[in-house]
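Here's the structure, in structure tokens; my notes come after.
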Amino acid sequence: MSVVEYFILAFALAVPSLVQLRICTLKNPVRLTRGLALSALMGVEHSLLFLFGLWVGNVLRFGLPEFDDLVFLGLFVVVALRLFFAAFRKGNRQPQAYDISRFSTSLFLGVATGTNCLFIGLGLGFRFPFEEELWRSSLPLFSVTLLLCYLGVMLGRRKKVIRARRWQLIGVLFLLIFAIKGAFFNQQ
């Protein structure tokens, strides 16, 4: 896969973190330097979870392209459905805001928002070798997650209103396009 495709995938995976950090910072404001450190922590966590999923996918690979492509497509669709249903949550129910000024809460929030990265990495592990995709996948994911998480912190501090549903639906659209392209139009 190309680096541009990994940037698009990273954007789709980092959108839920942007929305969550905006909500958390809106309720519990943090300093911008702490927000930058939190964004870097989330970028590292997401990249590590992605790489772990990629490695596990390589270990579990069937070696038959027909089955590997189906597992790849299935995991991408599961993550896209999770994001889709999160976008259409009932309007009267506010998402949970966490106190991100505490390090332990920030650490666990990064792991919780990184589960999608784990599943996507697992799906990609069925199609691509770990050694070839190590740096090409982790650096775009880290940089895009860092930037979008920091944007979420800044938007929350300024109490800016965003259309979270639109952001999440753009992420879902990117994931579905990526899944269909990867499963049906990519030749190894």
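Reckoned from all heavy atoms, side chains included, excluding hydrogens, waters and symmetry mates. Please read all numbers here as calculations on a predicted model, not as lab measurements. All residue numbers refer to positions in the sequence shown, counting from 1.
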As an exercise, state the distance from CD of Glu45 to CG of Leu107, rounded to the nearest 0.5 Å. 5.0 Å
Which pair of non-hydrogen atoms, one from Val19 and one from Ala164, has the smallest distance, and what is that distance? CG1-CB, 3.8 Å
Between Leu148 and Ala14, the two heavy atoms sitting closest are CD1-CB, 3.6 Å
Are Trp55 and Trp135 joined in one hydrophobic group, where the rule is that I, L, V, M, F, W and Y side chains link up if heavy atoms are under 4.5 Å apart? yes
Show, in sequence, the C-alpha distance, side-chain angles and deciding distance for Phe128 and Asn58, and conclude whether the side-chain contact (heavy atoms from CB on, under 4.5 Å) test is met. CA-CA 8 Å; Phe128 302 104; Asn58 273 190; 5.9 Å; no
Inter-residue atom distance Cys117.SG - Ile120.CD1, 0.5 Å rounding: 8.0 Å
All salt bridge (Lys or Arg N to Asp or Glu O under 4.0 Å) counterparts of Arg136, not counting sequence neighbours: Glu133
For the backbone of Leu141 and the side chain of Ser47, can you confirm whether one donor and one acceptor N or O come within less than 3.5 Å of each other? no
Quick one: which of Leu118, Leu134, Leu124 gives a side chain to side chain contact (heavy atoms under 4.5 Å, CB included) with Leu54? Leu124
Test your reading of the model: is there a side-chain donor-acceptor pair from Thr25 to the backbone of Arg22, 3.5 Å cut-off? no
ILVMFWY network linking Phe84 to Ile180, side-chain heavy atoms under 4.5 angstrom: yes
So if I apply the side chain to side chain contact (heavy atoms under 4.5 Å, CB included) rule between Val71 and each of Asp68, Leu75, Leu73, which one comes out positive? Leu75
Heavy-atom closest pair (Asn28 atom, Asp99 atom, distance to 0.1 Å) is ND2-CA, 3.2 Å
Do other residues, nucleotides or ligands put more than 12 heavy atoms under 6.0 Å from the CZ atom of Phe52? no
State plainly whether one hydrophobic cluster holds both Leu147 and Leu32, where clusters connect Ile, Leu, Val, Met, Phe, Trp and Tyr through side-chain heavy atoms under 4.5 angstrom apart. no
Quick test of your reading: applying ring-ring contact (aromatic ring centres under 6.0 Å, His included), list the pairs with at least one residue in residues 137-175, sequence neighbours left out, ordered by first then second residue. Phe11-Phe174
Strictly by ring-ring contact (aromatic ring centres under 6.0 Å, His included), give each pair with a member in residues 98-123 just once, sequence neighbours left out. none
Minimum heavy-atom distance Met42-Cys149, with the two atoms named: SD-SG, 3.9 Å
Ser137 versus Phe50: any side-chain heavy-atom pair under 4.5 Å? yes
Gln168: what forms a side chain to side chain donor-acceptor pair (under 3.5 Å) with it, not counting sequence neighbours? none
What's the separation between atom OG1 in Thr33 and atom CG in Leu38, rounded to the nearest 0.5 Å? 11.0 Å
So do Ser138 and Tyr6 actually touch side chain to side chain, heavy atoms under 4.5 Å? no
Please check this pair: side chain of Asn116 against backbone of Val79, looking for a donor-acceptor N/O pair closer than 3.5 Å. no
Show every ring-ring contact (aromatic ring centres under 6.0 Å, His included) that has at least one partner inside residues 64-83, sequence neighbours left out. Phe72-Phe76, Phe76-Phe178
One should read off an interatomic distance between Thr145 OG1 and Leu18 CG, to the nearest 0.5 angstrom, of 10.5 Å
CG (Leu122) and CG (Leu60) are apart, to the nearest 0.5 Å, by 6.5 Å
Is there a path from Val3 to Ile8 through hydrophobic residues (I, L, V, M, F, W, Y) whose side chains come within less than 4.5 Å of each other? yes
When you compare the side chain of Val144 with that of Leu9, does any pair of heavy atoms fall below 4.5 Å? no
Please check if Val4 and Leu173 belong to a single hydrophobic cluster, counting links between Ile, Leu, Val, Met, Phe, Trp and Tyr side chain heavy atoms closer than 4.5 Å. no
Check: Arg157 side chain, Leu26 main-chain N or O, donor-acceptor pair, under 3.5 Å: no
Shortest non-hydrogen contact from Arg61 to Arg127? NH2-C, 3.8 Å
Is the closest side-chain heavy-atom distance between Ile100 and Cys24 below 4.5 Å? yes
For the student: nearest non-hydrogen atoms of Ala12 and Leu83, plus distance: O-CD1, 4.1 Å
Can you check whether Leu155 reaches Val161 side chain to side chain, under 4.5 Å on heavy atoms? no
Would you check if Leu109 and Gln20 make a side-chain contact, meaning some heavy-atom pair closer than 4.5 Å? yes
How would you list, by chain and number, every residue that makes a side chain to side chain donor-acceptor pair (under 3.5 Å) with Thr105, sequence neighbours excluded? none
The reported gap from CG in Leu41 to CG in Leu146 (rounded to nearest 0.5 angstrom) is 11.0 Å
With a 4.5 Å heavy-atom cut-off, do Val56 and Phe126 have their side chains touching? no
Val30 side chain reached by Val153 side chain, heavy atoms, under 4.5 Å: yes
